[in-house]
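Right, one structure below, let's go through it.
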Amino acid sequence: MTRRKQLIPFVLGWSIALAMFFPILWMILTSVKSETQASASKIVWLFQPTLRNYITVLAQSDYLHYAENSILVSFGGTLLAMALSIPAAYALAFHRTRRAPGLLAWMMSTKMMPPVSALIPIYLLLAYLGLLDSIVALTVIYALMNLPITVWLIYSYFCEIPREILEAGRMDGMSRWQEIRYLLLQMSLPGLASTALLSIILCWNEAFWSLNLTTAKAGPLTVFIATYSSPQGLFLAKLSAASTLAIGPILVFGWLAQRQLVRGLTFGAVK
Amino acid sequence: MLWPSVSLLLVWMIVPLAITLYFSVRRYSLMRSGQTRFNGLENYWYLLRDPGFLHAVVNTLLILAGVLASTIIFGTLFAWLYDYEFPGKRVARLLVIAPFFVMPTVNALLWKDLMMHPIYGFLAALARAVGINPIDWFGRVPLTSIIILLSWQWLPFAFLIFLTAMQSLNREQLEAASLDGAGPWQTFWYQILPHLRRPIGAVIMIEAIFLLSVFAEIFATTGGGPGTATTNLTYLVYSLGLLQFDVGLASAGGIVAVIFANIIAVFLMRSVSRNLRAA
């Protein structure tokens, strides 16, 4: 009986899953074809898979340079955002003032500003300072971009920690620094880790600031992939290989961070 | 310990906005050797009379409406389906949410060159295989194509949020209704949708924030074209500022984008909260 009951959800559920995933699957398949097979007018289903495109992309293009930039700005931006938001979240959660809800709401409301309204001044300012196409500038922008989300998430994790435990630590003569270091950060470590994971994903996939402010020197992978959009000659197989490499690691991160994604991006409206 | 975050955010928000506001009332083009002077609301006036501007506003709204509608309709249906148990559900769920983690430029080229390309694309090959003429997606229906690829990216987000919200659904009530003879559609319409009111409101707000500022997906596929067929407000400001170097005009566009986003936010907030009260 249960088997029959599960048949319809099984068929529909898996059809949807395969349909949604198909473009990615098609990209992965194309990445192990030869260029001629990739641009054949009839679909080539049976072929000898090859890793040649990956080798070409890794060896003959600047893929690794851009990948390094992606790692630097994503992890750098996340580190900076965490360093700024942990103290802020601590103050908001444990030294509750009447201003806390208002401050949090204001922080979230900064996300309502369309980034394009800041584009011209930021661009001109960076040009004036000689910081266009610089990793440092992009890292700082990414940290600021994610700051409202990281503060909010860490605040919500801190709020789940029973205050009695911190008080007990204080009774035992811990200094505030020890209290933060050995109790608070230890206990909220899973929460902090998933906050960082979400921030890394958002930085990795950010493409407004990276496309506008960086090119060959500091450009992350979003910029590298965009260079394939030029019309001179389609290299479908190589584009697919480069794209697969670019989304692979972050896809795994994303699968790991599903729950935090819901919690972080809805600002707790849905848990 | 609050002040570093708060002051940095304040600077990050206020300073660029103030400079944009200042530039927006000046005649300032980098093409004319940086000569600038005050010219009142002339930039705004010029912008508002430009048919391209109106077109950009309409495109922005169409993208917002198209993606919101498709992601919420399919998102709720998918979440409802995934509330049932079936073999391999956990793996299938991972496949459904995967598109959300694809970076915007990969998403753009994946659809433009691999799926929708009129000669090499998968959809074209599929069309030829069944004997239909392939569609030149980005040439003939560029805005629809953009809406499709954005929906593909944001549907997993809506799905994931609705699925999470489904966990707090009252199972006994569902069971009671099905014992009383409620069919699956009735269950969906009268029990699941009302339960999802709040998450739907959340999804609308968050998607709106991102969809009003779509950029990379347009940049890497159509470049705003053909003509201005896929130019939204964000892309218009970008092309005025960084392609035509008219700082004054682009800044006026930036300010209009802020006002526009706020109007949409207030409008959405109102209708969402009215829905919440009705629940």
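Note on naming: letters A, B, ... go to the chains in the order of the sequence lines (proteins, then strands), and numbering restarts at 1 for each one.
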Could you tell me whether the side chain of [Y] reaches within less than 4.5 Å of the side chain of [X], counting heavy atoms only?
X: B:Leu9; Y: A:Pro148; value: yes
X: A:Ile250; Y: B:Met103; value: no
X: A:Pro114; Y: B:Thr234; value: no
X: B:Leu233; Y: A:Val116; value: no
X: B:Leu94; Y: A:Phe21; value: no
X: A:Trp106; Y: B:Leu10; value: yes

Is [X] reaching over with its side chain to a backbone N or O of [Y], donor-acceptor style, under 3.5 angstrom?
X: A:Trp26; Y: B:Met115; answer: no
X: B:Thr105; Y: A:Thr222; answer: yes
X: A:Trp14; Y: B:Pro87; answer: yes
X: A:Asn205; Y: B:Phe101; answer: yes
X: B:Trp152; Y: A:Met20; answer: yes
X: B:Ser5; Y: A:Leu84; answer: yes
X: B:Tyr84; Y: A:Gln6; answer: no

Ignoring hydrogens, what is the shortest heavy-atom contact between [X] and [Y]? Give both atom names and the distance.
X: A:Ala226; Y: B:Phe219; result: CB-CE2, 4.3 Å
X: B:Val106; Y: A:Ser243; result: CG1-CB, 3.7 Å
X: B:Pro104; Y: A:Ala207; result: CG-CB, 3.9 Å
X: B:Lys112; Y: A:Ser229; result: NZ-O, 3.6 Å

statement: A:Lys238 meets the salt bridge (charged side-chain N to carboxylate O under 4.0 Å, His left out) criterion, sequence neighbours left out, with A:Glu35
Please classify the contact between [X] and chain A as side chain, backbone, both or neither, with a heavy-atom cut-off of under 4.5 Å.
X: B:Met13; answer: both
X: B:Trp111; answer: side chain
X: B:Phe157; answer: side chain
X: B:Val214; answer: neither
X: B:Leu110; answer: side chain
X: B:Thr20; answer: both

- request: For A:Trp255, look at atom CH2 and say whether over 12 heavy atoms of other residues, nucleotides or ligands are found less than 6.0 Å away.
  value: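 More than 12 heavy atoms, drawn from other residues, nucleotides or ligands, come within 6.0 Å of this atom.
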task: Would you please indicate yes or no on a ring centroid separation below 6.0 angstrom for A:Phe22 and B:Phe122?
output: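 Under 6.0 Å, so yes.
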Can you list, pair by pair, the side-chain donor-acceptor contacts under 3.5 Å of residues 250-265 of chain B, counting residues two or more places apart and other chains?
| residue | atom | partner | partner atom | Å |
| --- | --- | --- | --- | --- |
| B:Ser251 | OG | B:Val247 | O | 2.7 |
| B:Asn262 | ND2 | B:Val258 | O | 2.9 |

- prompt: Relative to each other, are the rings of A:Phe208 and B:Phe215 parallel, tilted or perpendicular (30° and 60° limits)?
  reply: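 Perpendicular: the ring planes of A:Phe208 and B:Phe215 meet at over 60°.
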